[in-house]
Each structure stands twice: as C-alpha cells, then as structure tokens.
Number of protein chains: 2
Amino acid sequence: MIDRYLLRYFLAVIDAGTFSKAAAQCHVSQPTLSVGIAKLEREYGQPLFHRTNRRVELTTAGARLAPHARRIEAEFALAERGAREASPRAPLRLGLLATVPTDWIASWLAAIAPLLGTQPVEIVEGRERDLIERLARGRIDAALTIVRPESERFAADILFEEGYALALPVTHPLAARAVIAAEELAADRMIVRRHCEALSDTSRHFTARGVRPFFPARTTSDERAIAYVRAGLGITVMPACFRDPGIARPRLADFPLTRTVGLLWGHHADRATLAGEPVLARLTRTVETMQAGPGIA
Amino acid sequence: MIDRYLLRYFLAVIDAGTFSKAAAQCHVSQPTLSVGIAKLEREYGQPLFHRTNRRVELTTAGARLAPHARRIEAEFALAERGAREASPRAPLRLGLLATVPTDWIASWLAAIAPLLGTQPVEIVEGRERDLIERLARGRIDAALTIVRPESERFAADILFEEGYALALPVTHPLAARAVIAAEELAADRMIVRRHCEALSDTSRHFTARGVRPFFPARTTSDERAIAYVRAGLGITVMPACFRDPGIARPRLADFPLTRTVGLLWGHHADRATLAGEPVLARLTRTVETMQAGPGIA
DNA sequence: GTATCACATAGACGTCATCTATGATCGACC
DNA sequence: GGTCGATCATAGATGACGTCTATGTGATAC
C-alpha cells in the first residue's frame with residue numbers, strides 16, 4: 001500500500017536531484033528519506049532511481065510513477081485548499097520578536113494586505129521567552145523569533161544568522177570605523193534597549209572592560225532608540241539587521257555574540273500545511289530579502 | 001496533513017453508509033475508523049458526516065471532499081496497477097486445502113484462465129497444518145483453508161462456515177432421511193478419507209457409540225471417495241459442501257463439528273493489494289457462489 | 001593518501017494507529 | 001415504559017513503524 005509520505009519523498013528527490021537535498025526539503029533526515037525511497041521501491045516492485053555518486057536519476061519505472069505521484073499530490077493539495085477556503089478561517093496567530101525591525105513587518109503587512117480578508121492574522125509581540133511560552137501553551141501558531149539549539153521542542157525553519165553591532169550617529173567621530181573597541185566608547189552615553197535579548201551580554205561586555213557609561217535613555221522601542229541615536233543623545237548596540245540612513249553600524253571588537261532568527265512552529269500546528277500558507281510564505285520571503293538585501297546603510 | 005488511509009476510511013463510510021460496516025470493509029475495528037474520521041474532520045477543519053442513529057450522511061463539506069478523495073484513490077490504484085503490470089509478475093502462490101471440492105477449483109481455474117498469462121498462479125495443495133506452516137515460512141502468499149480463532153497470527157477473510165455430513169449412495173436404504181444416528185450405521189462399511197481434518201473427530205464419534213465398521217478403502221482423494229460411495233463400496237463423512245448427483249448428504253446426529261473456510265494471508269504479503277488481485281477476487285466469488293448456490297444434490 | 005560528498009545500514013526511540021472494553025444515545029418492540 | 005439492539009464515541013494499553021543518530025561503504029577530487 002503506497003502511502004502519501006512516500007510519494008512526497010519521491011517527488012522531492014525528483015525535484016531536488018539528490019536524496020540529501022530532498023530530505024532537507026521534506027524536513028526529515030537523509031536516512032529517513034533513504035529508507036522511504038527503498039520502501040517505495042519495494043512496494044512498487046522495481047527501482048525508481050539510478051544512484052550515481054553525484055546525483056540520482058529516474059529509471060523508466062520511476063518515470064512511469066512520477067505523473068501519478070504528481071497528480072496525487074496535486075489532488076491532495078486541492079482537497080486541503082478546499083478545506084481552508086470553505087471553513088471560516090481561524091486567524092493565524094503569529095508571534096513576532098520585539099527586536100525585529102518594524103519596517104520588515106510593515107513591508108510584509110503591505111504585501112499580504114489583500115490576503116487579510118481570507119486569512120486574518122493576529123500579531124503578538126513579545127520577547128523571546130514570552131513567545132516560547134505562548135508557543136508552548138498553544139496560544140500562537142508560529143513565531144518569528146530567535147532559534148536556539150536547545151529550543152528543539154519546536155520545529156524550526158532558520159532564516160538567517162547575524163551578529164550585533166554598534167549604532168552610532170553618522171556624525172560620531174568614530175562613525176567611519178569598521179571595528180571599535182569598548183574602551184574607546186568610555187566617554188559616550190548609551191541608550192538602553194531594555195527589550196533586547198542581548199542586553200545582559202552587552203552590559204557585561206562593557207562593564208568587564210571598565211566602561212560604565214551614563215544612560216540618558218531606556219526604551220523598549222527600537223525606532224525610539226534609533227531616533228535617539230540619530231539625535232546624538234547616545235549610542236547603542238543592536239542586531240546587525242537594523243539599518244538607517246542616519247546611523248552607522250561599526251562592529252564592536254571582541255563581541256562575538258550572534259543570534260539565529262527563524263520561524264518556530266507550535267507542535268499543535270501542522271508545519272507543512274502552515275508553511276505553505278501564502279501569508280507565512282510571504283513572511284519568509286520578506287525577511288530573507290530584507291535581511292540579505294543591500295540594505296540602506 | 002491528510003493521509004491516504006484517512007481518505008480510505010472516508011470513502012468506505014460513504015459507500016457502506018455506517019461506520020461499522022465501513023470498518024469491516026477496511027478490515028479495522030469500529031473505534032479505529034471512528035477516530036480516523038474524527039481526525040480527518042479535525043484536519044479538514046469541519047465535520048464531514050451528520051451522525052444519526054441509523055445511518056450517517058455527508059455534510060456539504062464532506063460532499064466537497066468526496067470527489068477529491070475519489071480521484072486520489074483512483075490515482076493511487078492506477079499507480080499501483082502500473083507497478084504490477086510493468087514488473088515481471090511473481091507467480092501468486094496459493095495454498096489450497098485438500099478438502100475443498102475439486103470442481104470449485106476447476107471452476108475458478110476456468111474463470112481465470114485468460115488471466116494466467118499476466119498473473120501466473122502456483123497452487124500448493126496440503127492439509128491444514130501444512131498450509132499454516134508454509135504461510136508462516138512465507139512459502140505461499142495466501143491460503144484457502146480453515147480459519148480458526150487461534151490462527152489469528154494471520155489476517156483472515158472468512159468465506160463461509162459449514163458442518164460435516166454423511167455421504168451415502170442414493171440407493172442406500174437411509175438415503176432419504178435428513179438425520180441419521182451413528183448406531184444406525186453399525187452394519188455399513190466406511191470409506192476413510194485420510195486427509196480430512198475431521199477424521200479423528202469422526203472416528204471418535206463412531207467408536208464412542210460402539211460403532212466399529214469395516215474400512216474397505218482409505219483414500220486421500222475426495223473424488224475417489226465419492227466414486228467409492230456411489231459404487232456402493234461404503235459410506236463416509238465429508239464436509240457439507242461436497243455434493244454429487246449420486247450421493248445423499250443426510251446429517252449425522254449429535255455431530256456438531258463445523259469448519260470455517262476462508263482466505264488466510266501471509267503477513268509478508270499486502271492483504272489489501274492482494275485481495276484486490278483479480279485472480280484472488282475471482283476465487284472469493286467462485287467459492288461463495290458455489291458454496292451458497294443451490295448446488296447439485 | 002586524505003578529504004569530501006553521496007547513499008545505505010543498524011539500533012534505539014517515540015509517536016500514533018490500532019486494539020479491546022466500555023459508555024452514551026437513540027429507535028424498536030412487546 | 002423498560003429492555004434490547006444498533007449505532008458511534010471514549011479510554012487506556014499495545015505494537016508497529018517512521019524517524020532519529022551514528023556509522024559504514026564507495027566514488028571523486030586534489
């Protein structure tokens with residue numbers, strides 16, 4: 001009895017060209033996909049792929065099965081789409097990490113505006129721990145937040161990894177530098193971004209080097225923080241993804257902290273179905289382009 | 001993610017009209033099918049059936065899903081058929097209980113003759129224990145034999161249940177009787193059907209009643225046994241399904257032994273696929289009609 | 001030779017589809 | 001009106017199997 005998941009593996013191998021890539025595409029390990037294909041071949045009665053060292057290619061038997069597999073998957077997709085379109089769709093509850101640039105979210109919201117009628121979205125902002133908590137309780141379906149190895153209780157799709165960098169007004173004497181040591185900033189005032197997941201690491205970094213700046217402002221808004229920096233009220237440390245024409249982002253010497261940002265999926269939700277949701281697929285694309293893109297600064 | 005087996009349950013309910021019948025059709029228990037439908041409804045997002053006490057009927061959501069499910073199942077069937085047609089088919093190895101009437105087998109073989117080119121059949125005759133043994137060793141794919149509750153190591157499809165009855169020549173003085181006691185046969189000679197699964201029970205029945213007849217013949221062929229009976233060489237006891245114009249089949253008083261005949265499936269084989277095999281489907285039909293039919297006698 | 005990349009195999013683990021047993025609900029029947 | 005029979009739902013236990021990590025095998029590159 002051929003099962004659906006076997007055909008999904010099969011099609012993924014055709015599309016990806018290798019077992020390993022197909023496994024990643026299916027969010028399973030390579031051995032899992034390997035035994036899956038083996039099982040399908042046993043059930044089908046004959047080999048479906050010629051294994052060569054560099055890639056795999058369809059046998060004639062595989063070529064015969066492929067169109068059936070395509071039609072079956074397409075029909076499944078239609079059925080599942082029909083389900084969602086007909087039912088009064090529950091709002092998609094999405095957690096957003098506070099330290100994600102607002103303009104990313106704005107750009108995403110603009111892109112999905114026409115979809116909001118058929119797929120309402122409910123946004124929950126919070127810090128890393130809040131979002132994990134809500135995910136665990138099933139209060140949100142997915143979260144754009146920090147992915148850590150130890151948060152493997154949730155399925156994750158990693159989007160990018162980045163470091164943290166200083167944020168100086170472009171008028172700052174050191175603004176043109178690529179790397180700045182903490183000690184060079186002893187005379188600077190510093191904006192405290194109270195919501196930032198890196199706050200304690202940042203404080204420790206400066207105090208460990210004897211730098212105990214004055215704090216002219218504490219805020220939980222990154223836009224406020226940037227405005228303060230532009231205005232010359234002080235400097236701060238932010239994730240590298242924040243860019244603004246008015247601020248420079250030199251690296252902070254010996255501060256190797258990075259964060260990995262991605263989508264975490266609540267286990268009650270069906271990741272495969274959810275990730276195919278246009279609204280979320282668009283979020284992924286938006287984040288990837290805005291992060292990797294040339295940026296403003 | 002909707003799975004294939006859920007759609008099979010769904011379609012079975014549509015076709016059968018009730019969950020219980022659908023469960024039997026799918027060879028699963030009623031609770032299994034029940035939770036299966038519940039799961040499908042959860043995945044689909046809305047109820048698929050209106051449950052009333054006497055029957056279930058499709059909701060509009062169910063009616064929307066049904067055509068997709070049909071197409072998916074049809075496509076799976078096509079894919080699986082394609083597999084079998086393309087591969088050089090292994091012969092279907094079928095065990096046949098010795099005490100099944102030869103004319104049933106002959107009738108079946110005549111019906112499937114045109115199919116033997118594409119699906120070779122290998123017949124293994126044997127007694128009950130031989131067939132079980134071969135099934136366990138994977139030497140045969142299925143067996144038409146006796147189904148016992150304790151032989152639940154194998155999946156079974158029960159075809160019919162029957163008793164054992166006397167076989168007398170129509171010229172016998174008692175041939176017209178419906179029931180005959182063992183004691184009334186003290187003067188008769190008796191043919192021993194050495195291969196019969198009921199042989200020891202039969203012997204015990206007669207000896208316990210003080211009847212120790214002369215045995216003019218021992219045979220392992222039911223056709224020989226019938227020929228002997230017709231010729232007046234002696235009488236015997238056979239499964240009720242044996243009929244012949246020349247013999248009468250009165251019941252033996254106080255002999256309640258019955259046997260349940262059906263198909264046993266080797267666990268290495270895929271029962272669902274195998275049972276759909278035209279050759280085997282035809283065997284099922286042939287046996288059912290020849291057993292239930294008006295018969296010759 | 002070493003390194004790297006591919007897929008296959010082995011054993012352990014956890015999920016979940018399945019089972020049996022039981023409950024809940026309704027209609028039929030005397 | 002109470003009992004019986006039929007239906008589907010629920011609960012807890014169990015086993016199968018899909019998945020994992022770890023490791024093996026083989027081929028190509030340098």
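All values below come from the heavy atoms of this structure, side chains included, with hydrogens, waters and symmetry mates left out. All chains are named by letter (A, B, ...) in the order of the sequence lines, taking the proteins before the strands, and each is independently numbered beginning at 1. Please read all numbers here as calculations on a predicted model, not as lab measurements.
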Rounded distance (Å) that lies between atom [atom2] of [N] and atom [atom1] of [X]:
| X | N | atom1 | atom2 | result |
| --- | --- | --- | --- | --- |
| B/His50 | D/dC8 | NE2 | P | 15 Å |
| A/Leu6 | D/dC17 | CG | P | 13 Å |
| B/Arg4 | C/dA17 | CZ | C1' | 16 Å |
| B/Ile37 | D/dT7 | CD1 | C1' | 15 Å |
| B/Arg42 | D/dA9 | CZ | P | 13 Å |
| B/Asp3 | D/dA16 | CG | C1' | 15 Å |
| A/Ile2 | D/dC17 | CD1 | C1' | 18 Å |
| A/Lys21 | C/dC7 | NZ | C1' | 13 Å |

Are [X] and [N] close enough that a side-chain N or O sits under 4.0 Å from OP1 or OP2?
| X | N | answer |
| --- | --- | --- |
| B/Arg51 | D/dA9 | yes |
| B/Ser34 | D/dC8 | no |
| B/Tyr5 | C/dC16 | no |
| A/Ser29 | D/dC20 | yes |
| A/Ser20 | C/dC7 | yes |
| B/Thr32 | C/dA17 | no |

Mapping B/Val35 and B/Pro31 to their closest nucleotides on DNA chain C, which lands nearer the 5' end?
B/Val35
Within the 4.0 Å heavy-atom criterion, would you say A/Tyr9 contacts the bases, only the backbone, or no part of the nucleic acid?
sugar-phosphate
Identify which nucleotide among C/dA8, C/dA6, D/dC8 has an atom closest to any side-chain atom of B/Thr18, counting heavy atoms from C-beta outward.
D/dC8
Is a salt bridge present between A/Arg55 and A/Glu57, judged by a nitrogen-to-oxygen distance below 4.0 Å?
yes
Is it true that A/Arg148 and A/Glu128 make a salt bridge, defined as a side-chain N closer than 4.0 Å to a carboxylate O?
yes
Exercise: do B/Glu197 and B/Tyr164 side chains pair donor with acceptor under 3.5 Å:
yes
Between the base of C/dA6 and the side chain of A/Gln30, is there a donor-acceptor distance below 3.5 Å?
no
Side-chain touch A/Arg259/A/Glu161, heavy atoms, less than 4.5 angstrom
no
The residue among A/Thr99, A/Val100, A/Leu131 that forms side-chain contact (heavy atoms from CB on, under 4.5 Å) with A/Thr145 is A/Leu131
